[in-house]
J.: 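Structure incoming, see below.
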There are 2 protein chains.
Amino acid sequence: MSTQPSKQSQPSPRRAQPPRRGRRPGQESSRQSILEAARARFAAEGFTATTIRRVAADAGVDASQVMQFFRSKEELFAAVMAIPPSALERFATAFEGPDEHLGERVVRAFLAAWEGAPNESEPLMAMLRGAIVNDTAAAALRDFIEARLIDKTRDRAEPDARLRAALASSMLVGLVTGRDIIGVPTLAEADVEEIVAGAAPAIQAILAPAT
Amino acid sequence: MSTQPSKQSQPSPRRAQPPRRGRRPGQESSRQSILEAARARFAAEGFTATTIRRVAADAGVDASQVMQFFRSKEELFAAVMAIPPSALERFATAFEGPDEHLGERVVRAFLAAWEGAPNESEPLMAMLRGAIVNDTAAAALRDFIEARLIDKTRDRAEPDARLRAALASSMLVGLVTGRDIIGVPTLAEADVEEIVAGAAPAIQAILAPAT
DNA sequence: CACATAACTCAACACGCGTTGAGTTAGAGT
DNA sequence: ACTCTAACTCAACGCGTGTTGAGTTATGTG
């Protein structure tokens with residue numbers, strides 16, 4: 001859970017303390033393969049439909065090895081859902097700038113995050129698909145919306161800024177769900193500019209009612 | 001699949017045609033119990049997490065009897081998702097009337113449909129929860145949005161009325177999902193009037209951009 | 001080299017699932 | 001009374017699942 005950078009390569013203070021011996025964690029290629037395969041599967045099929053055996057097959061390893069790296073399916077899922085910082089920055093910058101185009105910037109940032117490069121969109125997709133059936137994912141999505149999106153409007157003056165941000169966020173999640181997960185034809189066939197043109201005024205009306 | 005009213009209680013033309021003999025379908029109490037139990041389970045837990053055995057237990061019958069009435073889990077699910085006509089009428093009437101309060105009426109109709117009496121809201125909830133993992137439900141939700149919501153704006157003049165209706169529908173579905181399924185605190189704690197006040201202008205901006 | 005430990009393999013487990021089929025019970029028609 | 005058939009029960013099936021544990025291989029460190 002959460003968004004720890006963790007696996008940085010610098011060995012840092014290595015020589016000190018307990019003189020551990022034996023084989024060192026290798027090139028981590030397997031662990032990485034598993035993560036990638038799991039990310040793709042979870043994003044495409046959701047938590048329940050994704051099986052450890054299939055992920056292992058995709059990654060070209062044994063199923064029990066998945067269990068050795070990540071201790072359970074739950075933990076694998078949690079590891080997958082770590083949201084890449086690059087996706088978060090989009091939102092941070094989207095809320096900066098003049099109010100008159102706030103809606104448009106936010107809509108664009110949302111679409112870009114969900115429909116951009118797989119590395120960024122897959123954790124979000126996995127989270128979204130999993131949120132219905134898995135408590136971990138539901139909590140993560142709650143957290144994502146509350147912390148990453150709602151708090152972005154904290155500095156605004158209006159008393160109900162939180163509610164407005166929550167409304168905008170959930171509605172945009174609905175838009176992305178309809179377009180990319182359910183596949184509502186009218187939405188899926190429209191191109192990005194049409195969607196921005198239609199949705200931006202709505203988000204604008206929520207986030208900057210005075211304008 | 002689809003939305004047949006089907007199980008209406010009037011026996012209608014009973015005496016005619018093939019003189020069938022043998023035991024008549026009883027009071028249908030079991031069949032009804034199964035449907036109710038399934039509706040509640042599917043709405044609360046989604047398609048995959050709901051098991052036939054559990055539904056049967058809830059209804060106080062044997063699991064294999066569920067299979068006798070409805071031929072498979074899929075068909076049970078399809079039967080559950082028949083949207084009650086009363087829920088549909090809300091949407092039909094919401095789109096009638098002066099444009100200046102269109103947004104508010106539609107938002108109210110949506111919230112009422114999803115948060116009203118279990119009989120009406122449970123099929124919608126089941127559809128929503130199932131849509132992620134079950135093709136039948138995804139198709140039903142697509143169909144619901146396309147046919148029931150988008151076509152309501154067919155008579156409007158603007159060329160992109162379909163897209164506007166699709167945007168509004170999916171965003172409202174997102175709102176309901178965030179509030180009632182994911183349980184985003186800010187949304188879940190807000191009362192209906194606050195949500196209407198915040199969301200209505202947005203929907204208004206989408207559906208009646210000229211106003 | 002020798003050892004400790006990570007990486008990896010293989011076979012099996014207990015479980016719950018949807019589904020089936022054979023058999024029993026009960027009630028409406030003749 | 002007899003029959004037909006729906007309603008219902010019971011036991012079992014095959015399957016795929018997440019997970020475990022014992023055993024093997026490889027590799028960095030002393």
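The structure presented is a predicted model; accordingly, all values stated were derived computationally and were not measured. Order of the sequence lines fixes the chain letters, A, B, ..., with proteins taken first and strands second; residue numbering starts at 1 for each chain.
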J.: Could you tell me the separation between the CG atom of B:N134 and the P atom of C:dG18, rounded to a whole number of Å?
T.: 13 Å
J.: Check the distance between C:dG16's P and B:R54's CZ and give it to me in whole angstrom.
T.: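 Taking atom P of C:dG16 as the reference, CZ of B:R54 is at 12 Å.
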J.: Hey, are A:R105 and A:E96 close enough for a salt bridge, meaning a charged N less than 4.0 Å from a carboxylate O?
T.: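 No.
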J.: Any cation-pi pair here, A:K73 with A:F42, using under 6.0 Å and within 45°?
T.: no
J.: Could a donor-acceptor pair under 3.5 angstrom be found where the side chain of A:R53 meets the base of D:dG18?
T.: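 It does, because a donor-acceptor pair links the side chain of A:R53 to the base of D:dG18 below 3.5 Å.
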J.: Taking OP1 and OP2 of C:dA7, is either one under 4.0 Å from a side-chain nitrogen or oxygen of A:Q65?
T.: no
J.: Does any N or O donor sit under 3.5 Å from an N or O acceptor when you compare the side chain of A:S64 with the base of C:dC8?
T.: no
J.: Once you round it to whole Å, what is the distance between P of C:dG18 and CZ of B:R71?
T.: 17 Å
J.: Got a salt bridge between B:E194 and A:R164, using NZ or NE/NH1/NH2 to carboxylate O under 4.0 Å?
T.: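 No salt bridge links B:E194 with A:R164.
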J.: Of the nucleotides C:dC17, C:dT9, C:dT19, which one has an atom closest to the side chain of B:T51?
T.: C:dC17
J.: Could you tell me how far apart A:E74 (CD) and D:dT19 (P) are, to the nearest whole angstrom?
T.: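 Computing the A:E74:CD to D:dT19:P distance gives 9 Å.
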J.: Please determine whether a side-chain nitrogen of the Lys or Arg among A:E146 and A:R142 lies less than 4.0 Å from a carboxylate oxygen of the Asp or Glu.
T.: no
J.: Have a look at B:T50 and say if it touches a base, only the backbone sugar-phosphate, or nothing, with a 4.0 Å heavy-atom cut-off.
T.: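 Counting heavy atoms under 4.0 Å across all strands, the contact made by B:T50 is with sugar-phosphate only.
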J.: In this structure, how many angstroms lie between the C1' atom of D:dG18 and the CZ atom of A:F47, rounded?
T.: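 These atoms are roughly 10 Å apart.
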J.: May I have the distance from B:I52 (atom CD1) to C:dG16 (atom P), rounded to whole angstrom?
T.: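 For the pair B:I52 CD1 and C:dG16 P, the rounded distance is 17 Å.
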J.: Can you work out whether B:Q68 or A:M67 has the more 5'-proximal nearest nucleotide on DNA chain D?
T.: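 Result of the comparison: B:Q68.
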J.: Measure from the side chain of B:D62, starting at C-beta and using heavy atoms only, and say which of D:dT9, C:dC10, C:dT19 lies closest.
T.: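 Nearest listed nucleotide: D:dT9.
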J.: Would you indicate which nucleotide in C:dT19, D:dG18, D:dC8 comes nearest to any side-chain atom of B:S72?
T.: C:dT19
J.: So, under a plain 3.5 Å distance rule, would you say the side chain of A:S30 forms a donor-acceptor pair with the base of C:dC8?
T.: no
J.: How would you label the contact of A:F69 with the nucleic acid (heavy atoms, under 4.0 Å): base, sugar-phosphate, or nothing?
T.: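 A:F69: backbone/sugar contact only, no base atoms under 4.0 Å.
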J.: Rounded to whole angstrom units, what separation is found between the CD1 atom of B:I34 and the C1' atom of D:dC8?
T.: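 Roughly 10 Å, once rounded to whole Å.
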J.: Between B:F77 (CZ) and C:dC17 (P), how many Å, whole number?
T.: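 Atom CZ in B:F77 sits about 17 Å away from atom P in C:dC17.
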J.: Can a salt bridge be assigned to the pair A:R108 and A:E193 using a cut-off of 4.0 Å between side-chain N and carboxylate O?
T.: yes
